[in-house]
Amino acid sequence: MRYVSTRGRAPALSFDEVLLAGLASDGGLYVPETFPRLEDAEMRALRGLSYAEVAMRVMRPFLGGSIPDSDFAALVAAAYAPFGHPAKAPLKQLDSNLWLMELFHGPTLAFKDYALQLLGRLFDHLLRRRGERITVVGATSGDTGSAAIEACRDRDAVDIFILHPRGRVSEVQRRQMTTVASANVHNLAIEGTFDDCQDLVKAMFNDAAFRHELNLSAVNSINWARIAAQVVYYVWAGVALGAPDRAVAFAVPTGNFGNVYAAYVARRMGLPVTHFVVASNRNDILTRFFETGVMKMAAVEPSLSPSMDIQVSSNFERLLFDLYGRDGEALAADMRRFRETGALAASDERLAALQALFDGRRLDDAGTLAAIRETYRATGELIDPHTAVGLAAARAGRRDAAVPMIALACAHAAKFPEAVERATGVRPRLPSRLADLLELEERLVVLPNDLARIQAFVRAKAGRRAAA
Ligand SMILES: *Cc1c(COP(=O)(O)O)cnc(C)c1O
């Protein structure tokens, strides 16, 4: 299994090279040269298996033999062992043929744990084998950061630097990052937006000297291994509800498009999926694109679902690559134009192909609160604002009542207690293992949106540890 860049100019790499490289050297994202196929019989054989066993079988083809099966099985088992629910990703029925997949049973109570708990272990495994160390740099609008920090904390071969937009992540999210007392964990609060943070991270990767000096690596959803790990729960849910003998549909609260892209990969591997509902908040660049075929940047507006407050969804490029018939040169030219002009237009033919499979839906803050309230009233479930956006989109985006619709619950309600309390009058409680979060001491440094200052900080901290 080789991986190629969406911009057509970077060398093809193996799984372990892609794992450590993150972004491709031509600015593109790595995708498999061809999608592996899960045959119907293989899918039926997943019925009744544990989550870890399903994960093994779904991810194995992506490794291309770069990790021995027994090692990989041990890494997968260790990654999901600490989760707070034995099913790991339980499905809960909310209405006739409407299901919620709970993806908040990991250590930081958000879906990113499902990929990052494994990613941290994969990094560790490969680095120890190679006798190397890396510097992980990432941008977060909330959940990625804490999940990445939990995955990398206390690992000898790793320093981790997480940039978040100052004042734009919830208190619980910030504290989940800043209260981790590990010498290799560095939190940078940037005076800017999430897109600024993401641009800074990209700029660090595009600085080849800096990238090599520090052996930079990414854990953001641009890392292919994260996508591969997220494919697992789509297959898991589909099989639980009858795949491959019955098709399903998914509704995914979307920011960087990593999660819903993983759903698309599951479909490319053979999972029968009728369509995907891409749920956005008021930051609706994707909704507008799916409606009109024109992707146009706009300013980021804060919302009740901050992990979706972004205007450029980096993983969308992976979908565009397929839409462009895998013509990396053509895509690279259009992405350059998009950066310059802030707009990208799809041909009628490409728009029709997209609309057959994707349905973009948006929900504003008032609608989000109403969805939380109504779900609580009808089912007794407390859902977080991101889940609410997805659930409302799931209801609005159904095409066939006979097809099970699976909405993703991407965060625990207690990560966003203010919004949930405002909607329902009930303050959701953190699980007991996180009860002391609000008392622990915070560690973070505030920095301006200034690449040189941030690089100096990273160099000083990571260099010091490497020399020690
Ligand atoms: C990260 C996140 C999202 C967005 O997921 P993408 O993969 O970036 O599209 C949505 N909801 C929650 C709670 C998240 O943490």
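Order of appearance sets the numbers: ligands from 1, and atoms from 1 within every ligand.
Residue-to-ligand polar distances keep His386 apart from ligand 1: every N/O pair is separated by 3.5 Å or more. The shortest N or O to N or O distance between Asn259 and ligand 1 is under 3.5 Å. The shortest N/O to N/O separation between Asp384 and ligand 1 does not fall below 3.5 Å.
Under a cut-off of 6.0 angstrom, the local environment of CZ in Arg429 is sparse, with at most 12 non-hydrogen atoms contributed by other residues, nucleotides or ligands. Residue Arg398 qualifies as enclosed at atom CZ: its count of foreign heavy atoms under 6.0 Å is above 12.
Residue-ligand proximity, Met308 to ligand 1, at heavy-atom distances under 4.0 Å covers atoms 10 (C). Contact atoms of ligand 1 toward Gly255: 4 (C), 5 (O), 6 (P), 8 (O), 9 (O) (distance under 4.0 Å to a heavy atom of the residue). Using a 4.0 Å cut-off to heavy atoms of Lys112, the atoms of ligand 1 that qualify are 1 (C), 2 (C), 3 (C), 14 (C), 15 (O). The contact set between ligand 1 and Thr254, taken as ligand atoms under 4.0 Å from a residue heavy atom, comprises 9 (O). For ligand 1, the atoms sitting less than 4.0 Å from at least one non-hydrogen atom of Gly258 are 6 (P), 7 (O), 9 (O), numbered in the order shown with element in parentheses. Atoms of ligand 1 lying under 4.0 Å from any heavy atom of Ala411, numbered from 1 in the order shown and given with element: 13 (C).
Side-chain contact between Leu38 and Arg57 is absent, with no heavy-atom pair separated by less than 4.5 Å.
In summary, Arg337 and Glu340 do not engage in a salt bridge, as defined by a charged side-chain N under 4.0 Å from a carboxylate O. Between Arg362 and Glu291 a salt bridge is recorded (basic side-chain N to carboxylate O distance below 4.0 Å).
In this pair, Tyr51 and Tyr80 present their aromatic rings perpendicular. The plane angle is above 60°, beyond the 30 to 60° band. Between Phe257 and Phe358, the two ring planes are tilted [angle within 30° to 60°].
Using a 4.0 Å cut-off between heavy atoms, Phe257 contacts ligand 1 through its backbone alone, with no side-chain atom that close. Of the heavy atoms in Lys415, none comes closer than 4.0 Å to ligand 1.
For Phe111, the heavy-atom gap to ligand 1 drops under 4.0 angstrom.
Minimum heavy-atom separation, Ala89 to Trp236: O-NE1, 2.9 Å.
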